[in-house]
Asks: 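Input: one structure, supplied below.
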Amino acid sequence: MVNIEEFLTRSAGEALAALYGEKAQGAPIQIQKTRKEFQGDYTLVVFPLLKASGTGPEQTAQAIGQWMQGNAQQVSGFNVVKGFLNLSLSDEFWAGRLAEIRQAEGFGQLPATGKTVMVEYSSPNTNKPLHLGHIRNNLLGYSVAEILKACGHKVIKANLVNDRGIHICKSMIAWLRYGNGETPRSSGMKGDHLVGKYYVEFDKHYKAEIKELTAAGSSEEEAKKNAPIILAAQDMLRKWESKDPEVYGLWEKMNGWVYEGFDATYKAMGVDFDKMYYESQTYMLGKELVGQGLEKGVFKKDPDGSVWIDLTADGLDRKLLLRSDGTSVYMTQDLGTAYERFREFSLDDLVYVVGNEQNYHFQVLKLILSKLGYAWADHITHLSYGMVELPEGRMKSREGTVVDADDLMEEMVATARQMSEELGKVDAADAAEAEKVGRMVGMGALKYFILKVDPKKTMLFDPKESIDFNGNTGPFIQYTHARIRSVMRKAAEAGYKAEVAAGTPLLEEERRLISQINDLPAAIGAAGENFSPALLANYAYELAKTFNGYYHDHSILHEADPAVRSMRLALAERCAATIARAMGLLGIDVPEKM
RNA sequence: GGUUCCGUAGCUCAGUUGGAUAGAGCAGCAGCCUUCUAAGCUGCGGGUCAGGCGUUCGAACCGCCUCGGAAUCACCA
């Protein structure tokens, strides 16, 4: 038996059939966990069954409770509160459940579905380093991919790097003019930061030139168009497109620096990819789909040669698919890459982790694909996440309020180290270990802080609060894990074994803990279905919190009864493993000591 | 104006398909380290779930309307 709720639903169904016969056919049976304030483990809501029973809620609940207690051996007792039948399951049942979970090979890994899912995330531009917004993207993407794996799917993590276009040319021009040949090696800067520096440099000079031009009498509009430096960047883009060797070489060199920098950031963040895509190689995809669309009459060509789709009937607008000069746009490219991916990997689902500023884009993308007749359009999911705001408002690069990803991670780790020092947690003997733990805790705080929030919501990132390690935080959960592991080490030293003997009595909190552990697969399933790591984050917190309360009130190692002690050890060990599993799916490491 | 999303305690957020008296954390106050890790535990105060109408035995959750906020609607990506 794996699913307790399923079993109780079945048993309640039998009770209904026995008590009320035909009338009870198809009556909705609602089993849910009993709320903490009431006695019992699971609750049957009897209101929907009153039609079948023809009696009041209390009598109905009473009758069903009696039948179940008499006929289902796992049901040890019941009580009725208004229309709620609270069922208690026997200690034997719960102990058996714990024993089963301990033996289950793949607990926390759902059976293989045979489905292949691609998760695209990160997808950075190569003209500047990653910032706070990217952190949310990367953490979400990685975690969702891991959760989908745990749901039994085959998962391909993809990253589509935007490595071409005017923005990278801006950095290139600025570097050529003002860089004096500076390299990551010569400057000691990370490659992405170096290139980002010249992107800012470009903007500075661009603005200065605009100012000059307007002072000389041009309109703002003209100045923006005619500033020499922007003309130079545009010229460079044309040269890039015609594969001018000099420009192409510089482009490759500077992108190479950026990739080295990104790799370091990804590594620090703990995210990875199975498949890299580069826009420079995919931007021409999708043109054949335009041809198809024209044939099917889904797309229309304007007199100037540009191709459009009219979506006004769907409450949207006209959307461009091909410019009048025949070149493609973002949408065209995305249609093409989606098509290619489904074809190449026989995908069942494709998930894009992209900010909510592109909701419209993905709405249109899916609509166009289904108008072209592709059934798999429905298997595209835009995992849209909200912006990360700072206490002083949105991040604005102009106002210098951008929170750099590398800086933030370093700061979190440094604070974690300082904190553990203040708490006297570091034994001088093992500096390397302290270093590792500091990284785990600092990163754990950051990751948990971001992942515990529902992805689609705009969230506030308060650096002061994120660095708080008390309460509903990653470090609290990590701490609970470390504490259990410490008990396990001491138990091993004392020669105590963790095992569950039949007939060991259980406390209320112990039954609750087993029940929570038992919910892990359900929590993973729900997180996968909703693409929401937040569900798992909150699950892990609840479990850790319950354990901490239990741990405070009942001793494990000092328990005199060997059978009870063994059972408690087994339970604690399972708690630690469950916490580790849930946190692992969030990309958060849990230390053995902290 | 169209589309999509959000609005829950002073602040940051949970609330899984409609269920019992709406929950945590932070901040504030009061306690608890001679005992398995105090990054912890216990208690107190704090709510018109933006507002209204409807559906239902029952609504924070579903439907309609209003108010407030965000994103987006380029021959940019």
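Because the structure is a prediction, the values reported are computed rather than measured. So that the names make sense, note that chain A is the first sequence line, chain B the second, and so on, each numbered from 1. Because only heavy atoms are used, hydrogens play no part in the values below, and waters and symmetry mates are left out as well, while side chains stay in.
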Asks: Does any nucleotide pair with B:A50 by Watson-Crick or G-U wobble geometry, both distances under 3.5 Å, and what is it?
Replies: B:U66
Asks: Nearest whole Å is fine: how far is B:C57 C1' from A:E58 CD?
Replies: 14 Å
Asks: Measure from the side-chain heavy atoms of A:P48 and tell me the nearest of B:A20, B:C36, B:G19.
Replies: B:G19
Asks: For atom CD of A:E529, is the number of surrounding heavy atoms from other residues, nucleotides or ligands below 6.0 Å larger than 12?
Replies: no
Asks: Taking the side chain of A:N470 as heavy atoms from C-beta outward, which of B:G19, B:U72, B:C26 is closest to it?
Replies: B:C26
Asks: B:A71 base to A:S384 side chain: any donor-acceptor pair below 3.5 Å?
Replies: no
Asks: Under the rule syn = chi within 90° of 0, otherwise anti, which is B:C13?
Replies: anti
Asks: How far, in whole Å, is B:A59 from B:G18 if one measures between their C1' atoms?
Replies: 6 Å
Asks: With a 4.0 Å limit, can you tell me whether A:Y330 has a side-chain N or O closer than that to the phosphate oxygens OP1/OP2 of B:A77?
Replies: no
Asks: Please check if the distance between the ring centroids of A:F449 and A:F461 is under 6.0 Å.
Replies: yes
Asks: Just how far is it from atom CZ of A:R512 to atom CD of A:Q516, taken to the nearest 0.5 Å?
Replies: 7.5 Å
Asks: Roughly how many Å apart are B:G23 and B:G45, using the P atom of each and rounding to a whole number?
Replies: 14 Å
Asks: B:U37 C1' sits how many Å from A:E421 CD, rounded?
Replies: 18 Å
Asks: A quick test of your reading: do over 12 heavy atoms of other residues, nucleotides or ligands sit less than 6.0 Å from CD of A:Q32?
Replies: yes
Asks: Would you mind classifying the nucleic acid contact of A:Q358 as base, sugar-phosphate or nothing, using non-hydrogen atoms under 4.0 angstrom?
Replies: base
Asks: Taking only the side-chain heavy atoms of A:V45 (C-beta and beyond), determine which of B:G40, B:A39, B:G19 contains the nearest atom.
Replies: B:G19
Asks: Send over the distance from A:K225 NZ to B:A74 C1', rounded to a whole Å.
Replies: 14 Å
Asks: Mind checking if A:N127 touches a base, just sugar-phosphate, or nothing, with heavy atoms under 4.0 Å?
Replies: nothing
Asks: With both distances kept under 3.5 Å, what pairs with B:C26, Watson-Crick or G-U wobble?
Replies: B:G10
Asks: At under 4.0 Å between heavy atoms, what does A:F469 touch on the DNA or RNA strands: base, sugar-phosphate, or nothing?
Replies: base
Asks: Give A:H382 one of three labels, base, sugar-phosphate or nothing, depending on what nucleic acid heavy atoms sit under 4.0 Å from its own.
Replies: nothing
Asks: Please give the distance between the P atoms of B:U3 and B:U66 as a whole number of Å.
Replies: 12 Å
Asks: If we take the C1' atom in both B:G28 and B:A9, what is their distance in whole Å?
Replies: 13 Å
Asks: Would you mind pulling out the nucleotide paired to B:C36, Watson-Crick or G-U wobble, both distances under 3.5 Å?
Replies: none
Asks: Between B:C64 and B:C5, how far apart are the P atoms? Round to whole Å, please.
Replies: 12 Å
Asks: N/O contacts under 3.5 Å, protein versus nucleotides 60-68 of chain B?
Replies:
none

Asks: Quick check on A:E221: does its CD atom have over 12 non-hydrogen neighbours (other residues, nucleotides or ligands) under 6.0 Å away?
Replies: no
Asks: With hydrogens left out and only the distance checked, is there a donor-acceptor pair under 3.5 Å joining A:K593's side chain and the base of B:U37?
Replies: no
Asks: Please give the distance between the P atoms of B:U42 and B:G7 as a whole number of Å.
Replies: 29 Å
Asks: Give, for atom CD1 of A:I380 and atom CG of A:D334, the distance between the pair rounded to the nearest 0.5 Å.
Replies: 9.0 Å
Asks: Angle class for the A:F547/A:Y550 ring planes (parallel below 30°, perpendicular above 60°, tilted otherwise)?
Replies: perpendicular
Asks: Does any nucleotide pair with B:U56 by Watson-Crick or G-U wobble geometry, both distances under 3.5 Å, and what is it?
Replies: none
Asks: Can you tell me the distance, in whole Å, between the CD atom of A:Q333 and the P atom of B:C75?
Replies: 17 Å
Asks: Classify the ring geometry between A:W251 and A:W240 as parallel (under 30°), tilted (30 to 60°) or perpendicular (over 60°).
Replies: perpendicular
Asks: Check whether any side-chain nitrogen or oxygen of A:R35 sits under 4.0 Å from OP1 or OP2 of B:A22, and answer yes or no.
Replies: no
Asks: Do any side-chain nitrogens or oxygens of A:S486 fall under 4.0 Å of OP1 or OP2 in B:C36?
Replies: no
Asks: Determine the contact category for A:S420: base if any of its heavy atoms lies under 4.0 Å from a base atom, sugar-phosphate if only primed atoms, P, OP1 or OP2 are that close, otherwise nothing.
Replies: base
Asks: So if I define the base as every atom that isn't primed, P, OP1 or OP2, how would nucleotides 2-15 of chain B read as a B/S/- string at a heavy-atom cutoff under 4.0 Å?
Replies: BSSSSS----SSSS
Asks: Quick one: the side chain of A:S555 and the base of B:C36, do they pair up donor-acceptor inside 3.5 Å?
Replies: no
Asks: How would you label the contact of A:T327 with the nucleic acid (heavy atoms, under 4.0 Å): base, sugar-phosphate, or nothing?
Replies: nothing
Asks: Please state how far atom CG in A:L423 lies from atom P in B:G40, giving the value in whole angstrom units.
Replies: 9 Å
Asks: Using a cut-off of strictly less than 4.0 Å, decide whether A:R489 has a side-chain nitrogen or oxygen near OP1 or OP2 of B:C36.
Replies: no
Asks: How would you label the contact of A:A482 with the nucleic acid (heavy atoms, under 4.0 Å): base, sugar-phosphate, or nothing?
Replies: base
Asks: In terms of side-chain geometry, is the basic nitrogen of A:K593 or A:D430 positioned less than 4.0 Å from the acidic oxygen of its partner?
Replies: no
Asks: Starting at the 5' end of RNA chain B and moving along, which residue's nearest nucleotide shows up first, A:D304 or A:Q32?
Replies: A:Q32
Asks: Could you tell me which nucleotide pairs with B:U72 by Watson-Crick or G-U wobble geometry, both distances under 3.5 Å, or answer none if nothing does?
Replies: B:G2
Asks: Counting side-chain heavy atoms from C-beta on, which of B:C75, B:G40, B:G19 comes nearest to A:N548?
Replies: B:G40
Asks: Both distances below 3.5 Å, Watson-Crick or wobble geometry, any strand: find the nucleotide opposite B:U21.
Replies: none
Asks: Let me know the distance between CZ of A:F47 and P of B:C57, rounded to the nearest Å.
Replies: 12 Å
Asks: Would you say whether A:F38 stacks on B:A20? The test is a distance between ring centres of less than 5.5 Å and an angle between planes of less than 30°.
Replies: yes
Asks: Relative to the 5' end of RNA chain B, which residue comes earlier, A:I31 or A:M331, by the nucleotide with the nearest heavy atom?
Replies: A:I31
Asks: Within less than 4.0 Å of OP1 or OP2 of B:G25, is there a side-chain N or O belonging to A:K545?
Replies: yes
Asks: Step through the shown structure and confirm whether more than 12 heavy atoms of other residues, nucleotides or ligands are within 6.0 Å of NZ on A:K224.
Replies: no
Asks: Is the closest basic N to carboxylate O distance between A:E510 and A:R568 below 4.0 Å?
Replies: yes
Asks: With rounding to whole Å, what would you report as the distance between B:C32 and B:U12 at their P atoms?
Replies: 33 Å
Asks: For A:Y541 and B:A24, do the ring centres fall under 5.5 Å apart while the planes stay under 30° apart?
Replies: no
Asks: A:I477 CD1 to B:A39 C1': how many Å, rounded?
Replies: 12 Å
Asks: B:G23, OP1 or OP2 - any side-chain N/O from A:K36 closer than 4.0 Å?
Replies: no
Asks: In whole angstrom, give me the gap between the C1' atoms of B:G19 and B:C61.
Replies: 11 Å
Asks: If I take atom CD in residue A:E37 and atom C1' in nucleotide B:A22, what distance separates them, rounded to the nearest angstrom?
Replies: 11 Å
Asks: If I compare all heavy atoms of A:G442 with all of A:A416, which pair ends up nearest, and what's the gap?
Replies: N-CB, 3.5 Å
Asks: Starting the side chain at C-beta, find the nucleotide from B:G40, B:A39, B:A77 nearest to A:V441.
Replies: B:A39
